[in-house]
2 protein chains.
Amino acid sequence: MKPKSLNHPHADPFQHFMDVLRSPDLPESSISFLQSCGRPLHLARGEAAELREQEQRTAIFVSEGAAKLVGHVGADREQIVAFCFEGELLILSVTSHTPYTLQALTECRLLAFPAGDLITKVTEATSSAIVERTFLALDQARDASVLLGRKTAQEKLASFLVSMVDRIGVVGPKIIALDLPMSRREIGDCLGLTIETVSRQLTALRNHGIIKTYGRSKITILDMARLSERAVQASCTT
Amino acid sequence: MKPKSLNHPHADPFQHFMDVLRSPDLPESSISFLQSCGRPLHLARGEAAELREQEQRTAIFVSEGAAKLVGHVGADREQIVAFCFEGELLILSVTSHTPYTLQALTECRLLAFPAGDLITKVTEATSSAIVERTFLALDQARDASVLLGRKTAQEKLASFLVSMVDRIGVVGPKIIALDLPMSRREIGDCLGLTIETVSRQLTALRNHGIIKTYGRSKITILDMARLSERAVQASCTT
DNA sequence: CGACACTTTGACTAACGTCAAGGGACGTGG
DNA sequence: CCACGTCCCTTGACGTTAGTCAAAGTGTCG
């Protein structure tokens, strides 16, 4: 799969950022301030971001491509804590015990802001889209905990596919198409599984007629209902 | 152990909240607004919070006692996503797939705010302590992912104890005392382990002379260095 | 077309969960 | 203050899931 080399649908990442933020009544002075403190990053596939401003908390806007936030345990064990796709905002950790790195899943264009500046400037305007996105990230992180702590390999993979459908799925009349920008290893790192287990579970889903795979990265969901069922999207009636 | 029945060191939870927030230049009007929208909750040990305002995102301030945020997978599997102690602020999920409940670990006094109100009012003043705490919660959630996904039972327990020392430990000249407000089951739910595994790992730490236990809830750390070592507080040099 | 990396599959192992029984702590009532 | 009952914790034996190791298969890109 060619990583659909960036054709710049958003010629200016900053403009893209402002579009997504949707704070129309932000004063001109704030806009130019944000523009000045947003540092553009262009990463090749697999490259790690150089985060100079590590003393301060950083917010990363993904204008094009996809990235992953990886936590490192000791030398070689790693855990993907978040995937981040086009138009999403990622808040990096600073008070964490674990060291994290941000790496490109595909070639991508990012915008790095010192989070403090971002928030104080933006909250001057309407209710902050950034705080909302932080909350969203928090919700995702908590769901991840539940997934990692209490789901089986089968359920983890189904949950993963469901969330990918939500975020980057192409919904057709009867089937849903997915083109995953991450490898089996990266899926495994995200779910706390090994590459082999991911592969086995994909095979199981294929054998049950729930999904079909084409090449390494393309998947179609044939039976979304049964997939969600396996993800146990926690239907407890408490 | 008697749950040291609340002796009200902070007679007024709201005053306690304002003290912790430390936004001295908040205008009087905002203060009274916050006071009016903060709903006090008094939970008995084990009781679950009734969250009426579930349509909106809620922030919970813990004035006294300790609580847990529990995610539910299907009928009976549950995962503790966060513990929350005195003076801490918990942001509840609303966009999550998983249903969560807030339950008292010990008898406790809480203050529930609609998060939107809290933020718009407080950011009028100095840089928001609440946004900072949200970030902190996010960091903790991400560390939890790493722990759950890539640590062994041994490492999980050591990490858990280290973080408890940080948050509620009583540091003495050579040893550190902990009085855990949660049961083995709750520790297990937090670490994605069973009660038996928690118990076995505690025994292992005891046999290695790293900790001592007194009764069910009291632990002293004899060798903090070796404990941290086992927690693999990720010392990768990238 | 060929090399290489990624993926799949299989056989085996280890870590943690499950099931079951016994022991200790805590709190109540005598 | 002691006795007893209950709940929680600990320990042991065994089972299951997912990890490890190894090899073959398949896509992708030069």
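Naming convention: chains lettered A, B, ... in sequence-line order (proteins, then strands); numbering from 1 in each chain. Keep in mind the model is a prediction, meaning the values are calculated, not measured. What's counted below: heavy atoms across the whole structure, side chains too, no hydrogens, waters or symmetry copies.
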By the 4.0 Å heavy-atom rule, please label [X] as base, sugar-phosphate, or nothing.
X        : answer
B:Arg184 : sugar-phosphate
B:Ser199 : base
A:Gly192 : sugar-phosphate

field: Donor-acceptor contact below 3.5 Å, side chain B:Thr98 vs main chain A:Asp143
entry: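 Not a single qualifying donor-acceptor pair exists.
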Sidechain-backbone polar pair: A:Arg150 side chain, B:Glu78 backbone, donor-acceptor under 3.5 Å: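 A pair under 3.5 Å: yes.
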Of all the nucleotides listed ([options]), which has the minimum atom distance to the side chain of [X]?
X        : options               : result
A:Leu193 : C:dG17, D:dA18, C:dT8 : D:dA18
B:Ile195 : D:dC9, D:dG12, D:dT28 : D:dC9
B:Ser183 : C:dT18, C:dG10, D:dC9 : D:dC9
A:Thr152 : C:dT9, D:dA18, D:dT28 : D:dA18
A:Arg216 : C:dC16, C:dA25, C:dC6 : C:dC6

In this structure, how many angstroms lie between the [atom2] atom of [N] and the [atom1] atom of [X], rounded?
X        : N      : atom1 : atom2 : value
A:Leu205 : C:dT8  : CG    : P     : 12 Å
A:Arg185 : D:dG19 : CZ    : P     : 12 Å
A:Glu155 : D:dA18 : CD    : P     : 9 Å
A:Ile211 : C:dT8  : CD1   : C1'   : 13 Å
B:Arg200 : C:dG22 : CZ    : P     : 16 Å
B:Arg150 : C:dA15 : CZ    : C1'   : 15 Å
B:Ile187 : D:dT10 : CD1   : C1'   : 14 Å
A:Ile219 : C:dC6  : CD1   : P     : 17 Å

Is any side-chain N or O of [X] under 3.5 Å from a base N or O of [N], one able to act as donor and the other as acceptor?
X        : N      : answer
B:Arg206 : D:dT11 : no
B:Gln201 : C:dC16 : no
B:Gln154 : C:dC16 : no

query: Tell me, do B:Met182 and B:Lys68 make a side-chain contact under 4.5 Å, heavy atoms counted?
result: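 Contact flag for B:Met182/B:Lys68 side chains = no.
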query: Where does the angle between the aromatic ring planes of A:His16 and A:Phe61 fall among parallel (under 30°), tilted (30 to 60°) and perpendicular (over 60°)?
result: perpendicular
- prompt: Quick one: on DNA chain C, does A:Thr213 or B:Thr194 contact a more 5' nucleotide (nearest heavy atom)?
  reply: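 Mapping each residue to its closest nucleotide by heavy atoms, the 5'-most match is A:Thr213.
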- prompt: Do the side-chain N or O atoms of B:Thr203 get closer than 4.0 angstrom to the phosphate oxygens (OP1, OP2) of D:dT11?
  reply: yes
field: Neighbour count >12 (heavy atoms, 6.0 Å) for atom CZ, B:Arg206
entry: yes
query: What distance do B:Leu69 atom CG and A:Arg142 atom CZ have between them, rounded to the nearest 0.5 Å?
result: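 So the CG of B:Leu69 and the CZ of A:Arg142 are separated by 5.0 Å.
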